[in-house]
Each structure stands twice: as C-alpha cells, then as structure tokens.
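To start, I am sharing the structure in question, which I have written as structure tokens.
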Amino acid sequence: MKTAANFPTGNTQAPDWVAFLGEQANFTKALGKDDYDDFKALHPLAVSCDPSMQATSELRHNVLDKAAYDQLMSGITNNPVYSFSWSDLMKFLSDNNMSCYDGYLGFDINGSQMSLRRSDDYRNTESLYPTILFEAIPRIRVNAGVPTFIHFTWGNIVIRQRGKFNQVRRIVFHVEFINSIGQGTRFYYDMSDDPT
C-alpha cells in the first residue's frame with residue numbers, strides 16, 4: 001500500500017489525495033472490509049469520474065520505477081506475461097460498457113491464455129482494476145506519447161483484508177508508450193486494496 005512518504009510533494013503540505021486516501025484507509029479499517037457500496041456512500045466524489053479522481057487512481061496504482069516493479073515478482077518462477085494491444089483493451093472496455101467506476105477489469109487465466117472479463121463489483125480477493133485507471137493512464141501520461149501495449153503478469157503485493165495487511169499474489173502490469181519520434185517509455189502499476 002502506498003503512503004504519502006512514497007510520493008515527494010515538493011512542499012510540506014500533503015496533496016489533497018493523501019488526505020482522501022488516508023480517510024479511505026481509516027474507513028476500510030473501521031469496517032473491516034472493502035465494500036464498494038459503503039465506499040460509494042462515504043465518497044460520492046470518488047464515483048463521479050471527476051478528473052481529480054483519475055489522478056488519484058493513477059497515483060494509487062502507480063509503481064514508482066522498474067526496480068520496485070521487478071521486486072513485486074521476486075520469488076515467482078515461470079511467471080508468464082500476457083500482452084494485449086492498448087486498442088484491444090480499450091475496445092474491450094467499450095464493448096462491455098465500462099467507464100469510470102462502472103465495471104472493473106478482471107482476468108481469467110487458462111494455461112498460457114489470459115482473457116479479460118468485466119466484474120460489476122469490486123473485491124480485493126482477486127485481481128480487479130477500476131476502469132477509471134485505464135481512462136486515466138493516457139491522460140496523466142500524455143507527455144509520454146501514445147499507449148501501445150499493456151503487459152500483465154503475477155506479482156506479490158501487500159493489501160489490507162479484514163483490517164490486516166497480507167501479502168498476496170495478484171496481477172500487476174506495465175504499459176508501453178511510444179512518442180512522436182519513436183522513443184518508448186514504460187509505466188508500472190499494481191493493484192490497490194480498495195476500489196480507487
């Protein structure tokens with residue numbers, strides 16, 4: 001789970017999203033569950049697709065660098081990578097009427113094949129990502145160029161379940177961008193323990 005200490009702010013006041021995430025974490029701990037309906041009731045702005053929520057989602061899932069991302073996969077042997085074009089991902093989201101917090105991206109894995117699926121409800125007992133994250137990535141990373149591919153694999157992350165922190169194996173991913181002069185950049189993401 002990311003904390004304010006993971007993100008340099010350049011000043012002594014924490015950005016608004018830090019207070020929001022801290023409040024959200026206290027809410028989750030108090031209830032002892034990660035329940036989307038309770039989350040919506042407490043944070044109506046979070047489900048409004050406000051541009052600040054796109055930024056919050058991208059920051060919440062962003063892994064700061066490749067070394068930290070690679071660390072998520074330490075100890076996992078024979079870890080397959082499942083790749084999709086960015087346009088195929090966007091088509092899947094559109095074809096399944098997914099936008100903002102209306103639907104979560106889930107995964108079905110059968111041997112060496114991964115298929116994408118829609119989940120209407122968030123639960124941190126499986127790998128699920130909010131649609132708003134995939135809407136936010138190209139908007140937030142606009143200076144990197146155009147997203148071209150997304151690569152999913154397994155990683156070990158720490159999430160809160162029933163008020164306790166547990167290390168679990170979940171799907172993590174990185175996105176490849178190409179800029180106007182053909183240079184590539186990658187950004188890395190992991191799953192959070194709430195529907196942000």
Side-chain angles (χ1 to χ4, degrees), residues 17 20-21 24 28 33-63 69 72 79-142 144-155 157 159 161 168-178 185-196:
W17 64 266
F20 173 83
L21 293 177
Q24 179 181 332
T28 302
K33 62 181 180 174
D34 293 312
D35 183 83
Y36 180 65
D37 291 331
D38 292 334
F39 176 80
K40 285 194 310 187
L42 190 63
H43 298 290
L45 176 65
V47 295
S48 70
C49 271
D50 180 277
S52 67
M53 288 312 302
Q54 286 188 357
T56 299
S57 183
E58 203 276 342
L59 283 169
R60 185 83 167 101
H61 292 276
N62 183 250
V63 177
Y69 183 76
L72 297 174
N79 196 5
V81 175
Y82 307 95
S83 300
F84 295 86
S85 71
W86 188 261
S87 60
D88 285 346
L89 173 63
M90 293 297 103
K91 181 176 180 348
F92 175 85
L93 298 177
S94 175
D95 289 352
N96 287 278
N97 298 314
M98 297 169 69
S99 67
C100 193
Y101 286 98
D102 185 18
Y104 293 85
L105 183 65
F107 311 92
D108 290 321
I109 299 174
N110 184 5
S112 63
Q113 300 295 312
M114 171 187 273
S115 58
L116 306 176
R117 72 173 158 77
R118 177 190 170 117
S119 176
D120 289 326
D121 299 308
Y122 180 83
R123 55 201 163 276
N124 70 8
T125 55
E126 66 175 299
S127 298
L128 293 171
Y129 287 94
T131 306
I132 194 172
L133 173 62
F134 302 104
E135 295 167 338
I137 289 171
R139 182 179 162 273
I140 301 297
R141 303 298 181 173
V142 66
V146 177
T148 55
F149 288 94
I150 185 165
H151 306 279
F152 298 99
T153 193
W154 292 104
I157 64 169
I159 63 171
Q161 293 177 314
V168 295
R169 189 164 293 178
R170 295 288 187 264
I171 297 291
V172 298
F173 67 92
H174 71 271
V175 179
E176 291 183 10
F177 283 75
I178 299 293
T185 305
R186 292 180 177 180
F187 295 96
Y188 304 91
Y189 299 90
D190 67 2
M191 193 183 120
S192 67
D193 57 358
D194 58 58
T196 305

Name all residues meeting the side-chain hydrogen bond (donor to acceptor under 3.5 Å, both in side chains) criterion together with R186; count only those two or more places apart in sequence or in a different chain, and write none if there are none.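 Per chain and number, R186 pairs via side-chain hydrogen bond (donor to acceptor under 3.5 Å, both in side chains) with E176.
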Any F107 side-chain heavy atom under 4.5 Å of E126 side chain: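 With C-beta onward as the side chain, the pair stays apart.
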Do W86 and P138 touch side chain to side chain, with heavy atoms closer than 4.5 Å?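 A side-chain contact under 4.5 Å exists here.
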Check R118 against D102 and note the closest heavy-atom contact, atom names and distance.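 For R118 versus D102, the nearest heavy atoms are NH2-OD1, 2.9 Å.
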Taking the side chain as everything from C-beta on, heavy atoms only, tell me whether I159 gets closer than 4.5 Å to R170.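 Of all side-chain heavy-atom pairs linking R170 with I159, at least one is under 4.5 Å.
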CG (D108) with more than 12 external heavy atoms under 6.0 Å: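 Yes, because the 6.0 Å sphere around CG of D108 holds more than 12 heavy atoms from other groups.
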Taking the six-membered ring for Trp and the single ring otherwise, decide whether the centroids of Y189 and F173 are under 6.0 Å apart.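 Y189 vs F173: aromatic centres under 6.0 Å.
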To the nearest 0.5 Å, how far apart are CG in D190 and NE2 in H174?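 Those atoms lie 14.5 Å apart.
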Could you pull out the closest heavy-atom pair between V81 and H151, with the gap in Å?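 Here V81 and H151 meet closest at CG1-CB, 3.7 Å.
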M114 and F84: which non-hydrogen atoms are nearest, and at how many Å?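 So the two residues come closest at O-CZ, 3.5 Å.
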What's the verdict on side-chain contact (heavy atoms from CB on, under 4.5 Å) for L105 and T131, showing C-alpha distance, side-chain angles and the deciding distance? CA-CA 7 Å; L105 183 65; T131 306; 5.9 Å; no
About how many Å separate CD1 of I157 and NE2 of H61, when rounded to the nearest 0.5 Å?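 CD1 of I157 is found 9.5 Å from NE2 of H61.
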Return the orientation label for the Y69 and Y188 ring planes: parallel under 30°, perpendicular over 60°, tilted otherwise.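 Rings of Y69 and Y188: tilted, as their planes differ by 30° to 60°.
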Please answer whether the main-chain N or O of W154 pairs with a side-chain N or O of N79 as donor and acceptor at a distance below 3.5 Å.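 Present.
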Is there a donor-acceptor contact under 3.5 Å from the side chain of S85 to the main chain of F149?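 No; judged by distance alone, with no hydrogens or angles, the pair does not exist.
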Gap between atom CG of L133 and atom CG of N62 - 0.5 Å precision: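 Interatomic distance, N62 CG to L133 CG, rounded to 0.5 Å: 9.5 Å.
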Where P80 and T153 come nearest, the two heavy atoms and their spacing: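 The pair with the smallest heavy-atom distance is O-OG1, 2.8 Å.
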Could you go step by step and tell me if V63 and V172 meet the side-chain contact (heavy atoms from CB on, under 4.5 Å) rule? CA-CA 10 Å; V63 177; V172 298; over 6 Å; no
Applying salt bridge (charged side-chain N to carboxylate O under 4.0 Å, His left out) to R139 and E58, what does each step give before you reach the verdict? CA-CA 10 Å; R139 182 179 162 273; E58 203 276 342; over 6 Å; no
Between N96 (side chain) and F92 (backbone), is there a donor-acceptor pair under 3.5 Å?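 It does hold such a pair.
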V175 and P147: which non-hydrogen atoms are nearest, and at how many Å?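 Minimum heavy-atom contact is CG1-CB, 3.9 Å.
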Under 3.5 Å donor-acceptor, S57 side chain and M53 backbone: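 Side chain of S57 to backbone of M53: no pair is present.
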Side-chain heavy atoms of R123 within contact of Y104, under 4.5 Å: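 Not touching, per the 4.5 Å side-chain cut-off.
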Answer yes or no: is there a donor N or O on one side and an acceptor on the other, between the side chain of Y129 and the main chain of M191, under 3.5 Å?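 Yes; at least one donor-acceptor contact below 3.5 Å.
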How long is the straight-line distance from OG of S83 back to CG of D88, given to the nearest 0.5 Å?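 It comes to 11.5 Å.
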How far apart are the closest heavy atoms of Y82 and S112, and which atoms are they?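 Answer, listing the atom of Y82 first, then S112: CE2-O, 3.5 Å.
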As an exercise, state the distance from CG of L93 to CG of L116, rounded to the nearest 0.5 Å.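 Going from the CG atom of L93 to the CG atom of L116 covers 8.0 Å.
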Indicate yes or no: at least one non-hydrogen side-chain atom of F134 is less than 4.5 angstrom from one of L89.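 When only atoms from C-beta onward are counted, L89 and F134 do touch, with a gap below 4.5 Å.
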